[in-house]
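Structure first, then comments.
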Amino acid sequence: MEKLRTVRGVHDLLPEELYIHNKVINTALETSDNFNYSQIEIPIFEFAEVFKKPLGESSDIVTKENYIFKDRSNDELMLRPEGTSGVVRAFLNAGLVHDIPQRFSYYGPMFRYERPQKGRLRQFKQFGVECLGLSSTMADVEVICLGNEFLNKLNVLEKINLKINTLGDFESRNNFRNALVNYFEDYRSSLSKESLNRLSINPLRILDSKDEEDQKVIKNAPNIMEYLNVDSRIRFQNICKGLDHLNIEYTIDKNLVRGLDYYCHTAFEFTTNELGSQGTVLAGGRYDGLSKILGGLDVPGVGWAAGIERLALLVDTEIVNKTDVVLIGQAENFNYLLLPIMKKLVQQGIKTEIIYSGNLSKKFKRANKIKASYAIILGEEEVDKKLLKFKDLTSGREEFIDLKQIIKKIKN
RNA sequence: GCGGGUGUAGCUCAGUUGGUUAGAGCGCGGGUUUGUGGUACCUGAGGUCGCCGGUUCGAAGCCGGUCACUCGCCCCA
């Protein structure tokens, strides 16, 4: 009989790791709240169509990475592989099309059936923001600024680079795609197997191939910048100007692309090289086509999503989990007096633990281990005096006082 | 999905060309101290050597499979 375990790529989160995750999430919530993005929560599973339509039937996420299942009413459901589709769906359902702009943030688990690696799990958490209803490039810059500020607050910015690119509008992108296909057709024999495959399905993706032979061909491939129409070009210039104004450093990476059809114009990625091939830590772009694909009106949108696990691996934190006070009974028969004291302390917001077992020496060792600041000792002498012994564990000083005074001292 | 690496106590790891009761440090429990900790000493618990099968008189060590983790690819956060 094999021991019960978690399924592949799905992990338990023990307190220390969860502490860091929560720190990342809280920093994100705080930052996005300051930017006036309101938190929403959407279901973890949806009708499969919600993801299939926007992502495209041929995308990897839908074809080989999905968790699709039928429920008892025979509805085809899917565990969400990303957040944007659901957020936009919720926005449409709530009729907020008539109340734009809307700024949302969300976080929670996503599911992708991929080969697990460090920083790549089958159940993982994303935090994301979406700005809906603004087509101005100001919104793109705002959203990037928010992401940048978030990473800054997390204190990881020095490990991270921002790359941006534009995909142009649908017209520019189509022209570019055709040019690409024409170009790569001439080099079929030098392309890798994967890239040949991409040539028919998603030629843009060839551009970010890591294959060395591919790279040689890509070097002289058509440049998206030359295929942008005037509007798209101006938009991109505005983005760059906006970032310059904010003193946000970035590099233009003309090979940065997006696989999904609903993306247009701005694409950006915050990446690190400290996580191997899972370097993308926060990424997003503009997705003006999405709401229409989901059956709504044409509503522009721009946003990003960040990988909590990946960021947690970058964050340098001391895990602070201090206990304010421990309660120690001289012997076991005094223990019953401790819970009522704990109750009063807890009501004052004081973090308390009762140490039940071991001799006094062991109990104090435990107090050290859980980083307690104070100890309250209760035994014969205390009962006689109707006072408690209060010990400051940093100075080692002890005194006999009552609970009210103790509370005052702990709270300063 | 494809290719490489790894898998021995809760954790980090030893384990000599296959040889008898598989070790250490840290951590954990008890004690030295029947009223006092951050040291020190004593002591205890804890492993079917990832799992299954094969080779062998004999396997933690060799072979095959499998599972998990990990690195690269694919893809992505």
- Message: Check this for me: does the side-chain of A/Lys363 come within 3.5 Å of the base of B/U36 through a donor and an acceptor?
- Response: no
- Rounded to whole angstrom, note down the P distance from B/G7 over to B/U12. 13 Å
- Message: Taking the minimum atom-to-atom distance to the side chain of A/Arg115, which one of B/G1, B/C75, B/A77 wins?
- Response: B/G1
- Given the P atoms of B/U55 and B/A60, what is the spacing between them in whole Å? 16 Å
- Item | Pairing of A/Glu213 and A/Lys216 as salt bridge, 4.0 angstrom limit | yes
- Any idea which heavy atoms bring A/Arg286 and A/Pro300 closest together, and the distance? NH1-CB, 3.6 Å
- Message: Please report the distance separating the C1' of B/A22 from the corresponding atom of B/U8, rounded so that it comes out in whole Å.
- Response: 8 Å
- Task: For A/Gln126 and for A/Thr6, find the nucleotide of RNA chain B with the closest heavy atom, then tell me which residue's nucleotide is more 5'.
- Result: A/Thr6
- At under 4.0 Å between heavy atoms, what does A/Ala367 touch on the DNA or RNA strands: base, sugar-phosphate, or nothing? nothing
- Message: Nearest to the A/Lys391 side chain among B/U36, B/C28, B/C67, which nucleotide is it?
- Response: B/U36
- Item | Proximity to the side chain of A/Lys362 - top-ranked nucleotide from B/U70, B/G30, B/C28 | B/G30
- Drop me the distance from A/Gln102's CD to A/Phe104's CZ, to the nearest 0.5 angstrom. 4.5 Å
- Message: Measure NZ/A/Lys118 against P/B/G4 and give the value in whole Å, please.
- Response: 22 Å
- Message: Measuring only the P atom in each nucleotide, how far is B/U33 from B/C42? A whole number of Å is fine.
- Response: 15 Å
- Query: Are A/Lys391 and A/Phe364 in a cation-pi setup, meaning NZ or CZ lies under 6.0 angstrom from the ring centre and within 45 degrees of the ring axis?
  - Reply: yes
- Query: Do the side-chain N or O atoms of A/Arg8 get closer than 4.0 angstrom to the phosphate oxygens (OP1, OP2) of B/A68?
  - Reply: yes
- Query: Are the ring of A/Phe124 and the six-membered base ring of B/A77 within the stacking cut-offs of under 5.5 Å and under 30°?
  - Reply: yes
- Determine: side-chain N/O of A/His11 to OP1/OP2 of B/C69, distance under 4.0 Å, yes or no. yes
- Query: Hey, does A/Arg112 reach any base, or is it just sugar-phosphate, or nothing, if we go heavy atoms under 4.0 Å?
  - Reply: base
- Message: Strictly below 4.0 Å: does A/Asn359 bring a side-chain N or O up to OP1 or OP2 of B/G31?
- Response: yes
- Task: For B/G64 versus B/G47, give the span between their C1' atoms, rounded off to a whole number of Å.
- Result: 25 Å
- Task: Please state how far atom CZ in A/Arg120 lies from atom C1' in B/C75, giving the value in whole angstrom units.
- Result: 7 Å
- Query: Looking across every strand, which nucleic acid part, if any, lies under 4.0 Å from A/Glu382 by heavy atom: base, sugar-phosphate, or nothing?
  - Reply: base
- Query: With respect to the phosphate group of B/U39, does any side-chain polar atom (N or O) of A/Lys365 fall under 4.0 Å of OP1 or OP2?
  - Reply: no
- Within 45° of the axis and under 6.0 Å from the centre of the six-membered ring of A/Tyr113, does NZ or CZ of A/Arg122 qualify? yes
- Message: Would B/G72 be called syn or anti here, given the cut-off of 90° from 0?
- Response: anti
- Using the P atom as the reference point in each nucleotide, state the distance between B/U66 and B/G58 in Å, no decimals. 26 Å
- Message: Any base atoms under 4.0 Å from A/Leu393, or only sugar-phosphate, or nothing? Heavy atoms, all strands.
- Response: base
- Item | Closest-nucleotide ordering on RNA chain B, the 5'-leading residue of A/Glu381 and A/Thr394 | A/Glu381
- Quick one: which of B/U36, B/C2, B/G35 gets closest to the side chain of A/Phe364? B/U36
- Under 3.5 Å, side chain of A/Arg80 to main-chain N/O of A/Pro43, donor-acceptor pair present? yes
- Which part of the nucleic acid, if any, lies within contact of A/Glu82, taking any heavy atom under 4.0 Å across all strands shown: a base, the sugar-phosphate backbone alone, or nothing? nothing
- Closest listed nucleotide, where the reference is the side chain of A/Ala305 and the choices are B/A77, B/C74, B/G35: B/A77
- Just call it for A/Glu114: base, sugar-phosphate, or nothing, with non-hydrogen atoms closer than 4.0 Å on any strand. base
- Message: Mind checking if A/Leu311 touches a base, just sugar-phosphate, or nothing, with heavy atoms under 4.0 Å?
- Response: nothing
- hbond_proxy A/Arg310 side chain to B/C76 base (donor-acceptor, 3.5 Å cutoff): yes
- Task: Specify the separation, in whole Å, of atom CD1 of A/Ile355 and atom P of B/C28.
- Result: 13 Å
- Message: From CD of A/Gln278 over to C1' of B/G72, roughly how many Å is that when rounded to an integer?
- Response: 10 Å
- Item | Nearest listed nucleotide, side chain of A/Lys210, among B/C75, B/U36, B/G1 | B/C75
- Message: Against A/Lys389, only a single residue in A/Glu398, A/Glu380, A/Glu399 fulfils salt bridge (Lys or Arg N to Asp or Glu O under 4.0 Å); can you say which?
- Response: A/Glu398
- Message: Under 4.0 Å, counting only non-hydrogen atoms across every strand here, what does A/Leu121 touch: a base, just sugar-phosphate, or nothing?
- Response: base
- Using a cut-off of strictly less than 4.0 Å, decide whether A/Arg198 has a side-chain nitrogen or oxygen near OP1 or OP2 of B/C75. yes
- Working to the nearest 0.5 Å, report the span between CZ of A/Phe390 and CD of A/Gln405. 10.5 Å
- Side chain of A/Glu380 (C-beta onward), nearest among B/G35, B/C2, B/A77: B/G35
- Message: What is the separation between atom CD1 on A/Ile376 and atom C1' on B/G35, rounded to the nearest whole Å?
- Response: 16 Å
- Query: Between A/Arg310 and A/Glu274, is there a salt bridge with N-O shorter than 4.0 Å?
  - Reply: no
- Looking across every strand, which nucleic acid part, if any, lies under 4.0 Å from A/Gly396 by heavy atom: base, sugar-phosphate, or nothing? base
- Task: Using a cut-off of strictly less than 4.0 Å, decide whether A/Gln117 has a side-chain nitrogen or oxygen near OP1 or OP2 of B/C69.
- Result: no
- Task: Write down the distance between CG (A/Asp214) and C1' (B/C74), rounded to a whole number of angstrom.
- Result: 12 Å
- Message: Give me the distance, rounded to whole Å, that separates B/C51 from B/A68 when you measure between the P atoms they each carry.
- Response: 15 Å
- Query: Which nucleotide, B/C73, B/C71, B/U36, lies nearest any side-chain atom of A/Ser277?
  - Reply: B/C73
- Query: Given the C1' atoms of B/G5 and B/C41, what is the spacing between them in whole Å?
  - Reply: 43 Å
- Task: Mind checking A/Gly329 for me? I need base, sugar-phosphate or nothing, with any heavy atom below 4.0 Å counting as a touch.
- Result: nothing
